[in-house]
Amino acid sequence: MTNPIRITKRADLSRRNEILIRLLAVVLSIVCAGLALMIMGLDPIKIFSSIIEGCAGTELRIKQTIVKAIPLTIASLGIIVAFKMNFWNIGAEGQITMGAFGATLVALNVPPTTPTAVTLLLMFICAVICGAIWAFIPAIFKAKLGTNETIFTLMMNYVAIKFVTYLQYGPWIDPNGGGFPRIAQFTENCILPSVLGVNIGWIFAIICVVLVYLFINHTKTGYEITVVGQSYETARYAGMNISKIIVIAMLISGGLCGTVGMIQASAVEKTLVATIANGYGFTAIITAWLSKLNPITCVFICVAFAALIQGGAYIQIALGVSSAVSSVVQGLILFFVLGSEFFIQYKVSLKHKDKEVA
Amino acid sequence: MVIITHKLNEVMEISDRVTVLRKGKSIETLNTKDVKVSQLIELVVGKKVDLSISKDIIEEKTEILKMDDVTVLDPEGKNALEDVSFELCTHEILGVAGVANSGQKELCEAIAGLIKVNKGRIFFDEQNIVGKTPREIIRLGIRMGFIPEDRLGMGLVASMDIVHNIILKDYQNQPGIVLRRGPCIEKAKRIVQELDIQTPGITTPVKKLSGGNIQKVLLGREIDSSPRVLITAYPVRGLDIGASYKIYDLLNEQKKKGVAVIFVGEDLDVLMDLCDRIMVLCHGKVTGIVDPEKVTKDDIGLLMTGHSMEEIEADKKEGELDD
Amino acid sequence: MTAFLASCVVAGIPLLFATVGELITEKSGNLNLGVEGMMLMGAVMGFLVSYNTSNPYFTILAAVLAGAGGALIYAFLTVSLRANQVVTGLTLTIFGTGFAKFLGQPYLGSAVPGNVSEFFAKTSIPVLGDIPFIGPIFFQQDKFTYLAYIMCAIAAVYMYKTRIGLNLKAVGENTSAADASGINVKLYKYVHILIGGALCGLGGAYLSIIRIPIWQEDVVNGRGWIAVALVIFVAWNPIKAFFGAILFGGLSIMGMKLQVLGLDFSQYLFDMIPYVATIIIVVFSTHKKKKESQPPQDLGNNYFREER
């Protein structure tokens, strides 16, 4: 063959070099984004410094960043549980939406005099159940019939979003909204309290990180999920009930995403809107993947992404540059990091001609 | 023409010259007619190996497993096993011979409780285990070891280390919801030492080990639970000759301890040398259960292609008459 | 009735482009979930070039290049660098959405130049356009629509009647066997992912140039995902894609049409149908195991020759 490039699998790569390659990828992507901005006639230094300023410049902005990191982290955790099992749950967006629907179902129907703790608990339970049901449907089909979950969960997103849009424009439209298609604002007793100036979701997120970490690494079910993710045959050989494991993992995955819906509806939007998931469900797939399915790493990656999202929102206001710049930068960073995985796993070298003879 | 094989008999029979490769290096190229099998083996393995498979016939046998008229259907609804009946005793190795996919996989999995048995009964110490899941079988106190054909895809989790592969058979007996690694770490260390497994450590993913060492991990785990029945499907497939003989020794050791061993193999010479009895399968049916001392390799070959023992005997008599 | 069916066709054309594009991509064994992103890239570039040059040919070319450009990133990452297909595709959607929003921002609310609209204006095809019933539905459309018909026909012939098309099928069904038989797997994947991206770009441009000739950010509005669904719905068949696209296009305007007739059906419930229908199809196709309605065997698996 004439191909001069030789690709071999790396036997071992030190942890340090691995991190170095990833960092290099991030730096390259930022340079690349900077060049693109320059071509567009914008000052990249100014934009990047504004993004940093926007996500960490003041206490309020840091809080805003954390508010955005909360849904991303919890949704990523949900996805990690599914991905550990090699179950491609692309449906987080829908599960978040349905979680928010569940919370709203309670919020719109409890009397305003109900104690806050009771309403919130009910909302939380209902959100988890709704998110879990939305994950259960593809899971049971996968478990019983082997239905492809990637497409199934993907489609479930839009069923959920269209369903909530229908409610927003139809049956649940706020009668006092002057015909504006929106659902009524939650009453005071349906709103999550703040702790240290940020909604209590951040405490949920930390608890979830610890719980998911322990679940995956230190429980029998967590171990079973990992084995199923590696090989159905091995799981069968070990006498595992694969269907049951798939369903349990997805109930947890969907339940976590449902929690996100609850937090977003109750603490951020304070009502239900069709765009409640706001793309977090998709971004979380990427953050989960980048964290190598490690719940602890995932926190840092999610905070970094939240910072980008928050920074993008800021430059829209501060510089009048479209917030979409942050999506573009996000996309570029992801492309580079995804590409860098290759160089972590494989060694690329030039072939020596003399070895070709044998 | 180039033929690449690990079966030395094939090399001796059909090749003119032979090149021995070991660890990516070409060791030596020889004319086949100038070389003996034992020399070749030495070149392949890199050191002298004992090439005899010992067979001690142990008289004190008791029946432990009995298959009675078992039929298993494949996913397409055809018979993968058809009316299979046989008994298995302690202190014996029962060989299973047959052309590939003659029902060997289904036979093993039916005993292990991994597939649905459509008809018939399987007795383990007089207890019918048909319809029971592997977990229920374990709960009955039946200790069984199973070395499946696909080691990395079925018997082990390729990306996990030795400890976590040992846990695979252990965790279900642990109480509560917490996974306990401690006892398995000890067990892993012991198995590595006892079977002389070459590995950088017990936390190395098993897929990074050589084929022989991978098989030792699997076999080590299975015999560590001191099984009473040990099912092995092609346990030496893909292994070099040194590792293969190590496995045969281990199986013989188990047999001496009183374990009833099922050995599904493809090399008839090995089957003849190792096994006390050989059951031959053809298209899911048993065409004969024979004593290797009393039949020839050709007889087994005929059984594998669907002839019955009676036919073979008759043919032989006819041949004698012709003479 | 004819008017309604004609508008179903109009609604279906962007889906048709994207569906055939994704279908060709998937036939090469790659699941590209970046359809929405590539459509947006095509839409914005088509619009920008159209706005600034007033040249319809450049408009088409820009849309093709933008879609293929997005696909090139995807192809390089998944084929050459072996990145995960699902994650890369989703990233492409995030990137494409940002790209379109960012580039399009200064043009929000601007209209497509008159001469470009005129160029693509509705024209009746002689003879065919005069066929009763069929003519007004299919052959009194804009020129961009005719481009879609031609593209769809070429795709069908290409996939089923040419040597390359059959090889493509082999690549998607069993990549390692195709490689062993001497097919240049990487080249096939690259070419077809790029063609797929180009068609998605055209689908996007149809939306921003013909359907809604005033630039708005959410011009694609989830149609990329419907296209992903349609590929399954039509069982990877470009001919069926034609009818499937019109059907799903029809569903997307059904509620509005019924409201005009005084029937109060929420459009959003109709919007759910394509997704629900696709889920049902996915469930049944895995259950029935009918050969031709199955996805390519190696769909979604990256191919590494060394690990064969």
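Here the structure is a predicted model, which is why all the values come from computation and not from measurement. By convention in this document, chain letters (A, B, ...) are assigned in the order of the sequence lines, proteins followed by strands, and residues within each chain are numbered from 1.
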J.: Who wins among B:L168, B:L156, B:V178 for the most heavy-atom pairs under 4.5 Å with chain A?
T.: B:L168
J.: Is B:I137 close to chain A through its backbone or its side chain, or both, or neither, when contacts mean heavy atoms under 4.5 Å?
T.: neither
J.: Who among B:G176, B:G153, B:A112, B:P134 has the most heavy-atom pairs with chain A under 4.5 Å?
T.: B:G153
J.: Any chance the side chains of B:T19 and B:S26 put a donor and an acceptor closer than 3.5 Å?
T.: no
J.: Between A:E224 and A:N241, do the side chains contain a donor N or O and an acceptor N or O under 3.5 Å apart?
T.: no
J.: Taking atom types as modelled, is there a side-chain donor on B:S210 or B:N213 under 3.5 Å from an acceptor on the other?
T.: yes
J.: Determine the option with the most heavy-atom pairs under 4.5 angstrom with chain A, choosing from B:E136, B:R221, B:R180.
T.: B:R221
J.: Do B:T71 and B:N118 have a side chain donor and acceptor closer than 3.5 Å?
T.: no
J.: Which atoms of B:R181 are under 4.5 Å from chain A, going by heavy atoms: the side chain, the backbone, both sets, or neither?
T.: side chain
J.: Verify salt bridge (Lys or Arg N to Asp or Glu O under 4.0 Å) between B:R237 and B:E266, making sure each step is shown before the conclusion.
T.: CA-CA 9 Å; B:R237 179 178 281 176; B:E266 47 197 346; 3.2 Å; yes
J.: Give, as side chain, backbone, both or neither, the part of B:E109 having an atom under 4.5 angstrom from any heavy atom of chain A.
T.: side chain
